[in-house]
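Note that the coordinates shown come from a computational prediction; the quantities given were computed from them, not determined experimentally.
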There are 2 protein chains.
Amino acid sequence: MTLQLSVDRSSPVPLYFQLSQQLEAAIEHGELTPGSLLGNEIELAGRLGLSRPTVRQAIQSLVDKGLLVRRRGVGTQVVHSQVKRPLELSSLYDDLEAAGQRPETRVLVNTVVPASAEVAAALAVAEGSDVHRVERLRLAHSEPVAYLCNYLPPGLLDLESSQLEATGLYRLMRAAGITLHSARQSVGARAATVVEAERLGEPEGAPLLTMQRTTFDDTGRAVEFGTHTYRASRYSFEFQLLVRP
Amino acid sequence: MTLQLSVDRSSPVPLYFQLSQQLEAAIEHGELTPGSLLGNEIELAGRLGLSRPTVRQAIQSLVDKGLLVRRRGVGTQVVHSQVKRPLELSSLYDDLEAAGQRPETRVLVNTVVPASAEVAAALAVAEGSDVHRVERLRLAHSEPVAYLCNYLPPGLLDLESSQLEATGLYRLMRAAGITLHSARQSVGARAATVVEAERLGEPEGAPLLTMQRTTFDDTGRAVEFGTHTYRASRYSFEFQLLVRP
DNA sequence: GTCAATGGTTTGTCCGGACAATCGAACTTC
DNA sequence: GAAGTTCGATTGTCCGGACAAACCATTGAC
C-alpha cells in the first residue's frame, strides 16, 4: 500500500519539515518497514505537488538523523531498525524522566563564590570573580543517583532553589532564552572519597562514574561548567552515535 | 582583508565541498576569527562565480559541524572557538594515536566460539551459532590501558592476529568494505575483579571505566559487539557534542 | 526619555530545470 | 558458462530566480 502523505501549504510550518515529520512518524509506526525503498524523489515530489529540492531537504534531514540511507542508482531505504536517537545534550533530569524514573532534586548549596582557577578557565572569567555555585543531589525512587556541582557565570540567570528542585538546569537555561550550542565532556571513573561515599550512600572506595562538562551557547560563551559524580551501581550513560559520512 | 577563496571547476570534487574545506581550513588557521561575519551569501556566491544554493550547501555543512552559526538578518558567524570535533565513532586505537601516544596491541584470544545469549542478542544471530571472538590488551607507552573483548558475526571479515596488532578493528572493517553507520554505547564504571585487575596491572577493586558497544553498518546489520574495560587511572572519554537545533 | 513604527539587510524556504555519476540488471560476446 | 557491455533508473550536483521571515538600527511619536 502506498503511504498517505500530504502537506498543508497554508501552514507556517515549512513544507520540507512537514514532510520529514510525516516520514519519521511513518517509520516510527512501522508503516515504512526497515529496508523498504522510499520511492524515487521525482515521483514523490510530483505526488505531493512539491519540487524535488523540497523533497530532498526533507529526506536529507532524516538521513542526518540516521533513519534513512540513500544509494545512488538504487533509492532511499529505511535503515534496519536498531536506530533510536543519537546522542543529545540532555540533562540527567530529562534522562531520568524519560526513563520513567521520577527524578527528585535536593539543592544542597546555591550561592555565589569567587571562581577557582579551574572554574575561571572553564568559564573564561577572571579568577576570583563572582560565579554561581549550585550543588545538588539527584535522586530516583528516593535513592541518590548523582551529586551535581555546577558553576554559572554571573548575570545569566536567576537561580532559585525552588525552581532547581522542580526541574533540570538545562530547562531553566533554555527558558531564560539561552540557546545551547555545544558541550565538551569528559567521562571517567574513580573511587569514592569518604565525603562522596557518604553523600551518595555508597561505601568508601566504591567506583563512581564521573563527568565534567562545559556547555557553550551559540556565541561561543561558556554558560555552564559542571562536575558530576554518579553511583556506578545505579547509573550508566546510554547513547547512540552516528558516523558522519 | 578579504579571504582568498577559489574553486576549480575542472576538479571532480564537488564545488560546495571545495568551498567548505577552504572555509574550514581558514577557520582552523585563524584567518577567519571567531565571531567574525562571513559576508552575505549572495555576495560570496558572486565573488566565487557560484550560485547561492551551492554556497549555502557549503556553509550548511560547516553549521552541521558546529563551526558556523547563521542568524537571519545578521549573517553567518564563526563560532567562538572552543569547538574542536564532535563525537565520532572512533576506535581507541585512533584516539591514542591522535593523542600522540603510541598504541600497542596484544592479541590474547582470536578464535571462533558459539554465541552466548548476550552476544547472540546483540549481533542478531542464533544463540550457539559461530561468532568470532577477539580479546586484546591495548597499551600506551608500554602500560596497559584497556582490555577489549569483541565479537563479530561470521563471514564478515578475515581476522588475522598480525593485522589486529598493527592497527585498530574499525580500520580493518572499513578496509574490508564495511560502511559503519551507527553504534549503541553504554558507559559505566565498576570495581575490578581479581582477573581484571591482574590483566590491567591495577589492584583488586580498583575503579574501572566500562564500555559496551554494538556497531551497525548502513543496512542495519550488527557488525560488532564489544565489551571494554579501561583503567580509570589512565583513561577517560573526551568528546564534544552538538545540540541539534 | 521611552516606546513604537519603519526600512534595509540577511538568511530561510521554495520552485523548475539541467546534466553527471553511480548502481543493478539485462544483454551480448567469447 | 563466464566475463564484459550496455542501458535504464535513481540520486548527486548545480544553476538562477522569487518571495517570506527575522533581525537591527534608525526614525518618529508621545
Asker: Measure all distances between protein nitrogen or oxygen atoms and nitrogen or oxygen atoms of nucleotides 22-24 of chain D, and list the pairs falling under 3.5 Å.
Answerer:
{"residue": "dC23(D)", "atom": "O4'", "partner": "Arg72(B)", "partner atom": "O", "Å": "3.1"}

Asker: Return the value, rounded to whole Å, for the distance between atom CD of Glu41(A) and atom P of dG12(D).
Answerer: 6 Å

Asker: Starting at CG of Leu15(A) and ending at P of dG12(C), how long is that distance when rounded to a whole Å?
Answerer: 16 Å

Asker: How many whole angstroms separate atom CD of Gln60(B) from atom P of dT13(D)?
Answerer: 14 Å

Asker: Name the pairs: protein N/O against N/O of nucleotides 3-6 of chain C, kept only if under 3.5 Å.
Answerer:
none

Asker: Mind grabbing the angle between the end helix axes of the helix from dG1(C)-dC30(D) to dC30(C)-dG1(D)? Five pairs an end, 10° rounding.
Answerer: 10°

Asker: Distance check needed: dG16(D) P versus Arg56(B) CZ, whole Å only.
Answerer: 16 Å

Asker: Using the test side-chain contact (heavy atoms from CB on, under 4.5 Å), find all partners of Pro153(B) that sit at least two apart in sequence or belong to another chain.
Answerer: Leu123(B), Leu156(B)

Asker: Evaluate salt bridge (Lys or Arg N to Asp or Glu O under 4.0 Å) for Glu24(A) paired with Lys65(A), printing each intermediate quantity in order.
Answerer: CA-CA 10 Å; Glu24(A) 185 168 0; Lys65(A) 282 191 182 181; 2.9 Å; yes

Asker: Rounded to whole Å, please give me the gap between CD in Gln57(B) and C1' in dT11(D).
Answerer: 13 Å

Asker: Considering residues at least two apart in sequence or located in another chain, which fulfil the side-chain hydrogen bond (donor to acceptor under 3.5 Å, both in side chains) criterion with Ser161(B)?
Answerer: Asn110(B)

Asker: Under the rule for salt bridge (Lys or Arg N to Asp or Glu O under 4.0 Å), what residues qualify as partners of Arg138(B), not counting sequence neighbours?
Answerer: none

Asker: If you look only at distance, which donor and acceptor atoms sit under 3.5 Å apart when one is on a side chain in residues 55-62 of chain B and the other is two or more places apart or in another chain?
Answerer:
{"residue": "Arg56(B)", "atom": "NH1", "partner": "Glu41(B)", "partner atom": "OE1", "Å": "3.3"}
{"residue": "Arg56(B)", "atom": "NH1", "partner": "Glu41(B)", "partner atom": "OE2", "Å": "3.1"}
{"residue": "Gln60(B)", "atom": "OE1", "partner": "Arg70(B)", "partner atom": "NH1", "Å": "2.6"}
{"residue": "Gln60(B)", "atom": "NE2", "partner": "Asp64(B)", "partner atom": "OD1", "Å": "3.1"}
{"residue": "Ser61(B)", "atom": "OG", "partner": "Ala58(B)", "partner atom": "O", "Å": "2.8"}

Asker: Using a cut-off of less than 4.0 Å, is there contact between a side-chain N or O of Thr54(A) and OP1 or OP2 of dT13(C)?
Answerer: no

Asker: dC15(D) phosphate, OP1 or OP2: any side-chain N/O from Arg9(B) under 4.0 angstrom?
Answerer: yes

Asker: Got Val112(B) and Val131(B) here, is their nearest side-chain heavy-atom distance under 4.5 Å?
Answerer: no

Asker: Each nucleotide N or O in nucleotides 17-19 of chain D that has a protein N or O under 3.5 Å away: list the pair and distance.
Answerer:
{"residue": "dA18(D)", "atom": "N6", "partner": "Arg52(B)", "partner atom": "NH2", "Å": "3.4"}

Asker: Apply the test salt bridge (Lys or Arg N to Asp or Glu O under 4.0 Å) to residues Glu165(B) and Arg136(B): give CA-CA distance (whole Å), side-chain angles for both, the deciding distance (0.1 Å), then the verdict.
Answerer: CA-CA 9 Å; Glu165(B) 305 220 325; Arg136(B) 292 168 296 168; over 6 Å; no

Asker: Thr179(B): which residues meet the side-chain hydrogen bond (donor to acceptor under 3.5 Å, both in side chains) condition with it, sequence neighbours left out?
Answerer: Asp218(B)

Asker: Would you please say whether a donor-acceptor pair under 3.5 Å links the side chains of Thr227(B) and Tyr151(B)?
Answerer: no

Asker: Could you pull out all residues at least two apart from Asp217(B) that satisfy side-chain contact (heavy atoms from CB on, under 4.5 Å)?
Answerer: Ile178(B), Thr219(B), Arg221(B), Val223(B)

Asker: Could you pull out all residues at least two apart from Phe237(A) that satisfy ring pair (Phe, Tyr, Trp, His ring centres under 6.0 Å)?
Answerer: Tyr230(A), Tyr235(A)

Asker: For the pair made of CG in Asn40(A) and C1' in dC23(C), what is the distance, rounded to whole Å?
Answerer: 15 Å

Asker: Might you point out which heavy atoms bring Ala222(B) and Thr214(B) nearest each other, and give the distance in Å?
Answerer: CB-CG2, 4.1 Å

Asker: Check this one for me: any side-chain N or O of Tyr16(B) less than 4.0 Å away from OP1 or OP2 of dC14(D)?
Answerer: no

Asker: Out of the candidates Thr215(A), Leu164(A), Leu148(A), only one should pair with Leu169(A) under the side-chain contact (heavy atoms from CB on, under 4.5 Å) rule; please name it.
Answerer: Leu164(A)

Asker: What is the distance, rounded to the nearest whole Å, between atom CD1 of Ile59(A) and atom P of dT10(D)?
Answerer: 13 Å

Asker: Tell me: CG of Leu48(B) to C1' of dC15(D), nearest whole Å?
Answerer: 15 Å

Asker: May I have all residue pairs that pass salt bridge (charged side-chain N to carboxylate O under 4.0 Å, His left out) and include part of residues 113-131 of chain A, sequence neighbours excluded?
Answerer: none

